[in-house]
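Here is the structure we will look at.
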Amino acid sequence: LRSTLYLLFTAYLLGSFLAISLGLLMGRIQPLYDLFEPLIEFLRPLPKPALLPPLILFLGLGDAMKLTVVGMGVFFPVLVNTIQGVRGTDPVQLDVARTLGHSRTSALVSVVLPSALPMIFAGLRVSLGLGLILVVIAEMLAGTGGVGYLIIDMQRSFQVANMYAWILILAVLGFV
């Protein structure tokens with residue numbers, strides 16, 4: 001359980017941080033949005049479990065592959081919601097901030113970010129569930145430890161009660 005939670009939260013925090021940072025920039029800087037938006041819309045709909053075989057090929061079966069797939073799954077919902085939240089900021093609030101002498105960075109931190117927080121938190125909430133699903137799938141396929149590995153291992157060794165116990169633990173974790 002510790003291994004699964006470590007992978008989940010490490011990838012979740014890293015993917016969320018990158019998504020929020022890029023989302024703030026893309027939401028405020030139109031040329032940056034125009035540059036990255038086609039690439040994001042190309043990669044976003046790809047099912048992340050389908051990327052596991054090439055990631056295993058390039059990164060191996062270790063934690064790097066698991067962190068990458070979970071990070072990618074977390075990244076896109078947070079990024080899209082952050083961009084939409086930033087673009088939905090009331091222009092009047094930005095004009096008032098400029099009138100009061102706020103710099104672009106100060107307005108970003110004191111006006112745009114608080115305005116976008118509800119959308120950012122919605123993306124974070126959705127991506128946490130996706131991250132949990134992806135880390136379990138990655139552990140099941142990589143077979144190197146964690147709750148996903150234990151579920152598959154218990155199934156293969158016909159330890160049905162233990163398998164369902166781990167599934168129940170996973171359900172409680174998902175509920176929490």
Side-chain angles (χ1 to χ4, degrees), residues 1-24 26-27 36 39-86 88 113-176:
L1 187 60
R2 184 180 318 136
S3 171
T4 299
L5 291 176
Y6 166 77
L7 289 170
L8 173 63
F9 287 112
T10 301
Y12 180 76
L13 291 174
L14 186 61
S16 297
F17 175 76
L18 292 173
I20 292 169
S21 301
L22 184 60
L24 287 171
M26 286 179 65
F36 285 118
L39 178 64
I40 288 166
E41 289 305 318
F42 176 73
L43 294 175
R44 185 178 59 87
L46 286 173
K48 302 316 174 259
L51 298 175
L52 281 170
L55 288 175
I56 289 172
L57 179 66
F58 291 117
L59 299 175
L61 292 174
D63 288 349
M65 180 274 298
K66 296 173 191 172
L67 289 170
T68 302
V69 75
V70 175
M72 286 177 63
V74 166
F75 180 80
F76 289 105
V78 176
L79 177 67
V80 169
N81 277 20
T82 302
I83 291 170
Q84 294 306 314
V86 169
L113 186 60
S115 173
L117 277 179
M119 291 290 289
I120 293 171
F121 282 128
L124 288 170
R125 183 175 182 205
V126 168
S127 67
L128 186 57
L130 288 172
L132 179 61
I133 292 167
L134 287 169
V135 75
V136 170
I137 291 172
E139 288 172 344
M140 286 178 167
L141 291 176
T144 58
V147 174
Y149 170 73
L150 285 174
I151 291 171
I152 290 293
D153 188 47
M154 297 298 149
Q155 180 224 0
R156 289 179 182 154
S157 60
F158 300 107
Q159 297 178 15
V160 178
N162 290 339
M163 179 189 74
Y164 281 117
W166 279 110
I167 291 173
L168 183 63
I169 291 170
L170 194 56
V172 170
L173 181 63
F175 178 75
V176 170

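Position 1 is the first residue of the sequence, and the numbers go up from there.
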Identify the two heavy atoms, one from [X] and one from [Y], that lie closest to each other, and give their separation to 0.1 Å.
{"X": "Glu139", "Y": "Val147", "value": "OE1-N, 3.1 Å"}
{"X": "Lys48", "Y": "Leu134", "value": "CB-CD2, 3.8 Å"}
{"X": "Ile152", "Y": "Met140", "value": "CG1-CG, 3.5 Å"}
{"X": "Gly71", "Y": "Ala11", "value": "N-CB, 3.7 Å"}
{"X": "Gly73", "Y": "Leu130", "value": "O-CD1, 4.1 Å"}

Scan the side chains in residues 159-175 for donor-acceptor partners under 3.5 Å anywhere in the protein, sequence neighbours excluded, and list what turns up.
| residue | atom | partner | partner atom | Å |
| --- | --- | --- | --- | --- |
| Gln159 | OE1 | Asn162 | ND2 | 3.0 |

Minimum side-chain heavy-atom gap Arg44-Leu79 below 4.5 Å
no

Under a 4.5 Å cut-off applied to non-hydrogen side-chain atoms, are Val70 and Val74 in contact?
yes

Can you list the residues that meet the side-chain hydrogen bond (donor to acceptor under 3.5 Å, both in side chains) rule with Arg125, with sequence neighbours excluded?
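Partners of Arg125 under the side-chain hydrogen bond (donor to acceptor under 3.5 Å, both in side chains) test: none.
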
List the residues meeting side-chain hydrogen bond (donor to acceptor under 3.5 Å, both in side chains) with Gln84, not counting sequence neighbours, and say none if there are none.
none

Are Leu1 and Leu5 close enough, and set up right, to give a side chain to side chain contact (heavy atoms under 4.5 Å, CB included), and what steps lead you there?
CA-CA 6 Å; Leu1 187 60; Leu5 291 176; 4.1 Å; yes

Residues 60-74 vs side chain to side chain donor-acceptor pair (under 3.5 Å), sequence neighbours excluded, gives Lys66-Thr144

Strictly by side chain to side chain donor-acceptor pair (under 3.5 Å), give each pair with a member in residues 8-22 just once, sequence neighbours left out.
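The answer is none; no pair qualifies.
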
Among residues at least two apart in sequence or on other chains, which ones pass side chain to side chain contact (heavy atoms under 4.5 Å, CB included) with [X]?
{"X": "Tyr149", "value": "Asp153"}
{"X": "Leu24", "value": "Ile20, Thr82, Val86, Leu108, Leu113"}
{"X": "Pro53", "value": "none"}
{"X": "Ile133", "value": "Ile137"}

Any side-chain to backbone donor/acceptor pair from Ser127 onto Val78? Under 3.5 Å, distance only.
no

I need the [X] [atom1] to [Y] [atom2] distance, nearest 0.5 Å.
{"X": "Leu52", "Y": "Leu57", "atom1": "CG", "atom2": "CG", "value": "12.5 Å"}
{"X": "Leu18", "Y": "Phe75", "atom1": "CG", "atom2": "CZ", "value": "6.5 Å"}
{"X": "Met65", "Y": "Ile56", "atom1": "CE", "atom2": "CD1", "value": "4.5 Å"}
{"X": "Arg2", "Y": "Thr4", "atom1": "CZ", "atom2": "OG1", "value": "11.5 Å"}
{"X": "Leu124", "Y": "Leu128", "atom1": "CG", "atom2": "CG", "value": "8.5 Å"}

Sequence neighbours excluded - salt bridge (charged side-chain N to carboxylate O under 4.0 Å, His left out) pairs with any residue from residues 126-135
none

Which residue pairs pass the salt bridge (charged side-chain N to carboxylate O under 4.0 Å, His left out) test with at least one member in residues 160-176, sequence neighbours excluded?
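Matches after skipping sequence neighbours: none remain.
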
Would Met72 and Leu46 satisfy side chain to side chain contact (heavy atoms under 4.5 Å, CB included), going step by step from the backbone distance to the final call?
CA-CA 10 Å; Met72 286 177 63; Leu46 286 173; over 6 Å; no

